[in-house]
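Positions are given from 1, in the same order as the sequence printed here. In each ligand, atom 1 is the first atom listed, and ligand 1 is the first ligand listed.
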Amino acid sequence: MKKIELGELLGQMTVSEKVGQLLQLAPMFYKGTITEGEITGPMAEMGITTEVSENAGSVLGSTTASEMIAIQEAYLKTNRLGIPLIFMADVVHGYKTIFPIPLAIGATWDVELAEKMAAISAKEATAAGLQVTFSPMVDLVRDPRWGRVMESTGEDPHLNSAMAASFVRGYQGNPDELAENHEKMAACVKHFAAYGAAEAGREYNTVDMSMRELYQNYLPAYTAALEAGSKLVMTAFNVVDGVPATGNEWLMRDVLRDELGFDGVLISDWGAVKEIINHGTAANSVEAADVALRAGVDIEMMTTCYLENLERLIADGALPVGLLDEAVMRILELKRDVGLFEDPYRGLKGDVDRQQDILSVEHREVAREIAADAMVLLKNDGDLLPLGATGRKMALVGPLATTQDVLGAWSWLGDMKDAVSIEDGMKAQFDQVDVAGAMDTENVTEAEIAEMVRVAQDADVIVLALGESANRSGEANSIATIRLPETQYPMIDAIRALGKPVVTVLFNGRPLDLHGLIEASDALVEAWFPGTEAGNAVADILSGRVNPNGKLPMSFPYTTGQIPVYYNHLRTGRPADAADAQEHYVSQYIDIPNQPLFDFGFGLSYTTFAYSNLELSSDTITKMDTLTISVTVKNTGTIAGKEIVALYVQDIVGKVSRPCKELKRFTKIDLAPGEAVVVTFNLTEEDLRYYKPNLDFTSDPGDFNVFIGTHLQAAFCLA
Ligand code: GLC
């Protein structure tokens with residue numbers, strides 16, 4: 001249907017039918033429902049009648065193709081104008097084949113892998129009847145207490161932007177071909193805006209920052225997703241500058257639609273329209289509906305302020321019908337753009353059975369590759385790793401040794417029974433593995449520890465698999481102290497006391513304070529939540545089948561009290577400078593160092609890389625020039641390996657205080673032992689622009705430093 005035809009359709013709709021298009025319901029409200037659907041938020045009694053459900057515009061969280069077909073068929077029999085439903089859900093890091101959590105995908109620094117992950121997710125999800133995914137989540141996060149850090153790609157706007165665009169490209173392909181390409185789905189970038197800056201890392205908490213900070217660090221990744229063509233945006237639960245994002249006309253019309261040029265569907269987060277009342281900027285659901293529609297929120301997710309009030313507000317002249325019409329038109333355009341008017345089932349009623357696309361061998365192989373590339377080697381004393389596959393008696397112990405709870409918090413339909421446990425992965429690659437697990441990551445018992453010690457005491461090497469359960473991070477799972485569950489520390493001490501080599505494999509959804517663990521480990525692998533192929537990926541790393549090449553997308557604080565700690569910080573007027581360590585009156589703690597335990601960008605390899613011949617094409621550039629920066633990188637070890645080469649820039653003097661360094665470019669290379677390549681980056685004046693106090697986005701003449709290296713000391717500019 002073309003726009004004009006949609007205009008004719010709009011003209012035939014009653015106000016009640018228009019309001020219905022703005023309502024989104026879970027599948028349970030529909031005939032033919034076989035599941036309750038994905039419940040990811042509060043669902044107070046919604047009082048939905050059959051007549052209402054027959055006019056709603058979209059469904060949240062259906063789970064299979066047959067369910068979508070049943071609901072759509074029943075719906076189209078009763079919907080007067082035959083406007084099809086559109087089906088949406090959270091496919092965040094995989095549908096059935098579950099990939100590592102997004103924070104781990106950020107650790108790959110590999111945009112091609114990120115795009116491949118999203119493309120496979122879309123292929124599986126569309127085979128199951130979905131047309132929209134509520135992904136990518138691109139909120140910048142500097143506080144690991146916040147549970148949804150696992151869903152982000154970390155603390156840096158440049159890395160987040162690159163990942164955001166890759167996810168969108170993977171989900172959507174060419175957005176102009178979405179109607180024909182039934183293996184692609186519409187992306188919904190979220191949560192606009194700055195949800196990741198919740199104060200104290202407490203979920204749903206207040207967000208408050210300068211406009212300059214918002215533009216400089218928090219908006220870029222949303223902008224990148226929109227420039228990549230994301231068809232939808234989801235509102236954030238939090239306030240922005242004191243006004244709830246979901247009712248924030250400045251944020252949603254001036255910034256999102258006018259400045260960023262977004263003309264697609266804006267959907268509220270779950271219940272966020274009604275929660276404007278809780279925020280205290282609407283007295284009741286009438287006012288909440290009014291401010292949300294004026295802000296340009298097109299779909300109200302899982303509450304009914306629009307349903308209850310819009311018809312009367314428009315009839316009374318309190319709201320112009322034009323605001324309703326523009327929202328409905330954007331929803332109709334989305335349905336047209338994904339091809340629902342041509343085929344409300346997007347090919348799933350045809351004779352092609354796409355179910356074999358789901359959880360295929362090929363998809364699992366990609367999941368295994370990404371999971372291994374996402375792992376970060378944090379310590380490897382004495383080159384303990386990689387372990388030979390034979391000849392060593394290995395003990396695999398700990399609460400993550402045997403469990404299949406390795407998928408992560410937003411794995412939704414991913415099924416743990418499909419996951420490869422660490423035990424299974426290790427036994428597939430090592431010939432002598434004795435195992436002692438634990439039932440619960442939160443309560444490791446003395447008896448379980450005793451059994452671990454019994455199994456480990458005769459081993460040549462101990463692999464200690466520990467960490468968080470998946471539901472200790474994710475939405476509504478903030479923690480106040482970023483340590484392991486306390487009952488794991490006696491286990492760590494008991495294993496350490498055996499005096500044997502200990503390889504620790506850590507499963508977690510957030511940066512943690514690794515004290516008490518790092519000292520007890522000869523080698524430490526950050527595995528995150530690796531997804532369906534967890535056990536095979538861990539074994540690939542420990543055996544050396546894959547040389548670890550991940551690098552941290554987020555700083556690991558020295559302790560909770562150091563939060564927020566991030567690499568691209570300002571210098572302050574009294575920077576702590578190692579050169580004058582005696583100076584007391586500087587920006588420092590008296591009880592811990594300023595440096596995080598592990599910096600953004602940190603990650604070891606089984607080989608070594610040497611950087612040399614850093615060359616600039618010029619030592620000055622004008623606005624017309626391109627600066628070419630090249631460096632030679634050589635694999636100086638004996639094992640092939642991938643290396644992430646990153647370029648940072650420091651703007652030495654600006655109109656505002658500028659970060660001590662900022663990531664500007666990165667790439668990943670793969671080098672055989674002894675192989676060397678010249679890596680080249682180009683920079684222009686545009687890369688040196690930043691936001692001024694009046695929000696002008698311009699560069700200044702001046703001096704800049706550039707940094708390239710396998711690992712740069714980040715804090716306080718110790719380059
Ligand atoms: C949740 C999340 C959001 C998700 C939505 C639908 O509350 O905040 O990210 O997409 O509800 O499940």
Report yes if some N/O of [X] lies less than 3.5 Å from some N/O of ligand 1; otherwise report no.
{"X": "K190", "result": "yes"}
{"X": "Y195", "result": "no"}
{"X": "D90", "result": "yes"}

Atoms in ligand 1 flagged as close to [X], the criterion being non-hydrogen separation under 4.0 Å:
{"X": "H191", "value": "3 (C), 8 (O), 9 (O)"}
{"X": "M234", "value": "3 (C), 10 (O)"}
{"X": "W270", "value": "7 (O), 11 (O)"}
{"X": "D269", "value": "1 (C), 2 (C), 3 (C), 4 (C), 5 (C), 7 (O), 8 (O), 11 (O)"}

Practice problem: Could you check L340 against R346 for side chain to side chain contact (heavy atoms under 4.5 Å, CB included), going step by step and ending with a plain yes or no? | Solution: CA-CA 7 Å; L340 289 173; R346 292 188 90 213; 4.0 Å; yes
Quiz prompt | CG/N174: more than 12 non-hydrogen atoms of other groups inside 6.0 Å | solution =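 Atom CG in N174 is packed in, count exceeds 12.
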Exercise. Verify the neighbour count for atom CZ of R202: are there more than 12 heavy atoms of other residues, nucleotides or ligands below 6.0 Å?
Key: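 Open: at most 12 neighbouring heavy atoms sit under 6.0 Å from CZ of R202.
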Self-check item: E442: partners by salt bridge (charged side-chain N to carboxylate O under 4.0 Å, His left out), with sequence neighbours left out
Solution: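 For E442, the residues satisfying salt bridge (charged side-chain N to carboxylate O under 4.0 Å, His left out) (neighbours in sequence not counted) are R472.
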Quiz item: Partners of D357 by salt bridge (charged side-chain N to carboxylate O under 4.0 Å, His left out), sequence neighbours excluded?
Solution: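 R354.
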Self-check item: Non-hydrogen atom of R148 closer than 4.0 Å to ligand 1
Solution: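 Contact check R148 vs ligand 1: positive.
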Quiz item: Side chain, backbone, both or neither: which part of M301 comes within less than 4.0 Å of ligand 1 when only heavy atoms are counted?
Solution: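 Contact part for M301 vs ligand 1: side chain (C-beta onward).
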Quiz item: Is the NZ or CZ atom of K190 both under 6.0 Å from the centre of the six-membered ring of W270 and within 45° of that ring's axis?
Solution: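 Negative - K190 is either too far from the ring of W270 or too far off its axis.
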Quiz item: Do you see a donor-acceptor pair shorter than 3.5 Å between the side chains of S121 and Y171?
Solution: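 Their side chains do not contain a donor-acceptor pair, so the 3.5 Å distance test is not met.
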